Number of protein chains: 4
Amino acid sequence: MEFKDNEAIYLQIANNVSENILLGSWEEEDKIPSVRDLASRMQVNPNTVIRTYEFLENQGFIYTKRGLGFFVSEGAIDKVKKYKRDSFMQSDLPGIFRNMLLLGITPVEIEHQFEIFKKNSQLK
Amino acid sequence: MEFKDNEAIYLQIANNVSENILLGSWEEEDKIPSVRDLASRMQVNPNTVIRTYEFLENQGFIYTKRGLGFFVSEGAIDKVKKYKRDSFMQSDLPGIFRNMLLLGITPVEIEHQFEIFKKNSQLK
Amino acid sequence: MEFKDNEAIYLQIANNVSENILLGSWEEEDKIPSVRDLASRMQVNPNTVIRTYEFLENQGFIYTKRGLGFFVSEGAIDKVKKYKRDSFMQSDLPGIFRNMLLLGITPVEIEHQFEIFKKNSQLK
Amino acid sequence: MEFKDNEAIYLQIANNVSENILLGSWEEEDKIPSVRDLASRMQVNPNTVIRTYEFLENQGFIYTKRGLGFFVSEGAIDKVKKYKRDSFMQSDLPGIFRNMLLLGITPVEIEHQFEIFKKNSQLK
DNA sequence: GTGGTCTAGACCACC
DNA sequence: GTGGTCTAGACCACA
């Protein structure tokens, strides 16, 4: 996996994990990859993955069983969805709208771009 | 002024300055506030404003006359507009669209929120 | 059985066994449940129960007859009582008292809570 | 400072910091020692103090101003008191009471020991 | 100067 | 095998 350098790696991994939960790739109550496993797959230091998992544990998305590993929490999908939705609505949207007003970009234009984006992402 | 936690303060101030230029509050070839003046108004360390001005100078939005202060560049409005538009289209939009797909948020919903936002910002 | 997160599971099981001895549910010189039996009842890994039994054997509360299983030691009740009393007086009390001072909790309040606790535990 | 080895060092330091807040030694909105400062005083690695401060930040007891350091939160005393009180009442007391019942220790005895403890701690 | 992140490597308790 | 903690040391952004 490649990482952007304007966001902490452990947060980018956290996003990745969150999406796996959100999309149902990793189901509730299932074990997720061990720290060492994910670290070697992501080519990062295990400590970085530990940071990711601690962060997600604080959010209540995953939990740990000692000696066994980390597991997806019950109700994690809803928690992740709520968390992402809240931060999108409260943090992202206002800045976007402000830019749209300043730059004279209309919702119609946004919708047009969105349709293009959707087609491209379906191809993948 | 209040600052968000997830973006560098000097960049938030840079945004503020850019908007003043974009909206014509600070006109081209006009002198902008001195570092110390702006720093005390914003309640930040003067070094932080220096960083802001250096950043804006690198972008070509402002320039410095030694001993006199900083001034809005000729053609700054267009430069600011182009810069903002580019970063909006290339950096912001993809993330937004990705979130919309993941969370099932429709362009209609976005447009609805945008109308609300517009009304609120007109009041100010 | 449910386990707390802040104490090793094998120690929580050891406590449980100790209480059975203390209360006379498991009498001296009697055979106690096999590792596998207890493990399946407690829903833990057999290795964990082995650790528990090793710990209790080191304390002299139980002993093993090869091929037959584990048995409650002679004089185990007194040993358990002494062990628990010592660790209570030396390890638990000082921390409790420190918290009481810091938080302004009085012995009267403790006694009050204790009465409530006694009533609830009689019901079981 | 000397550390017990049955509790993580970063949590022992967190307790220490919490008590400083609780006792008013470090007042609300005041700056607390920098990571490096406290680390060298405590003779631990700076990373360990960072863990402490992150933990306390998650609890809402302290917050960070970028480039300036960590500060005691508004209302921190009440938060600390509530946190300590809750964990005392819910985690510590039940175990204590259970032991008292099992060992036949009476509240009167506890109170007696508490008086002794109070005298000793006043001398310090 | 401040905190934030990351790596490398070690040791431990636990299951 | 699992996670949890700690050390050592590095580099960076920020004020």
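Worth knowing before you read on, the calculation uses all heavy atoms, side chains too, and leaves out hydrogens, waters and symmetry mates. On a predicted model such as this, the values are computed, not experimentally measured, just so you know. In what follows, chains carry the letters A, B, and so on, assigned in the order in which the sequence lines appear, proteins first and then strands, with residues in each chain numbered from 1.
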Query raised in the report: Yes or no on salt bridge (Lys or Arg N to Asp or Glu O under 4.0 Å) for Lys79(D) and Glu74(D), after CA distance, side-chain angles and deciding distance?
Result: CA-CA 9 Å; Lys79(D) 282 184 196 163; Glu74(D) 201 188 327; over 6 Å; no
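Of the candidates dC6(E), dC15(E), dG4(F), the closest approach to any side-chain atom of Ala8(A) belongs to dC6(E). Each of dT7(E), dC6(F), dA13(F) was ranked by its minimum atom distance to the side chain of Val44(A); first place goes to dT7(E). Each of dC14(E), dT7(E), dT7(F) was ranked by its minimum atom distance to the side chain of Thr48(D); first place goes to dT7(F). Among the nucleotides dC15(E), dT2(E), dT5(F), the one closest to the side chain of Leu68(A) is dC15(E). When distances are taken from the side chain of Tyr10(A) to each of dC14(F), dG3(E), dC6(E), the shortest belongs to dC6(E). Distances were taken from every side-chain heavy atom of Ser34(D) (C-beta onward) to each of dT5(E), dC15(E), dG3(E); the shortest belongs to dG3(E).
The distance from atom CZ of Phe70(D) to atom C1' of dG1(E) is 15 Å, rounded to the nearest whole Å. One interatomic measurement links the two molecules: CD of Gln12(A) to C1' of dT5(E), which rounds to 12 Å at whole-angstrom precision. dG3(E) atom P lies 14 Å from atom OH of Tyr63(D), rounded to whole Å. Between Ile13(C) atom CD1 and dC15(E) atom P the separation is 8 Å, expressed in whole Å. For the pair Asp37(D) CG and dG3(E) C1', the computed distance is 14 Å after rounding to whole Å. Summarising the geometry, the separation between CZ on Phe55(A) and C1' on dT5(E) is reported as 15 Å, rounded to the nearest angstrom. Rounded to whole angstrom, the span from the CE atom of Met42(B) across to the C1' atom of dA15(F) amounts to 16 Å. Spacing between atom CG of Asp5(D) and atom C1' of dC11(E) amounts to 13 Å, rounded to whole angstrom units.
The shortest distance between side-chain heavy atoms of Phe55(A) and Phe61(A) does not fall below 4.5 Å. No side-chain heavy atom of Val80(D) sits under 4.5 Å from any side-chain heavy atom of Ile77(D).
The aromatic rings of Phe71(D) and Tyr63(D) sit parallel, their planes meeting at an angle under 30°, below the 60° perpendicular limit.
Between the base of dG9(F) and the side chain of Asn47(D) there is a donor-acceptor pair shorter than 3.5 Å. In terms of polar N and O atoms assigned as donor or acceptor, the side chain of Arg36(A) never comes within less than 3.5 Å of the base of dG1(F) in a complementary pairing.
For Glu7(D) and Ile32(A), each mapped to the nucleotide of DNA chain F holding its nearest heavy atom, the one lying further toward the 5' end belongs to Ile32(A). DNA chain E is contacted by both Glu57(D) and Asn45(C); Glu57(D) maps to the nucleotide lying nearer its 5′ end (nearest heavy atom per residue). Comparing Glu54(D) and Leu11(C) against DNA chain E, the residue whose closest nucleotide sits nearer the 5' end is Glu54(D).
Regarding contacts with the backbone of dC14(E), a side-chain N or O of Arg51(C) is found under 4.0 angstrom from either OP1 or OP2. Phosphate contact (OP1/OP2 of dG3(F), side-chain N/O of Tyr53(A), threshold under 4.0 Å): absent.
Nucleic acid contact for Ile9(B): sugar-phosphate only, since backbone atoms but no base atoms lie under 4.0 Å from a heavy atom of the residue.
Under the side-chain contact (heavy atoms from CB on, under 4.5 Å) test applied with Tyr10(C), the options Leu56(C), Thr52(C), Asn15(C) reduce to a single match, Thr52(C).
When both pairing distances are held under 3.5 Å, dT2(E) makes a Watson-Crick or G-U pair with dA13(F).
A pairwise comparison of heavy atoms in Leu38(C) and Val49(C) identifies CD2-CG1, 4.0 Å as the closest pair.
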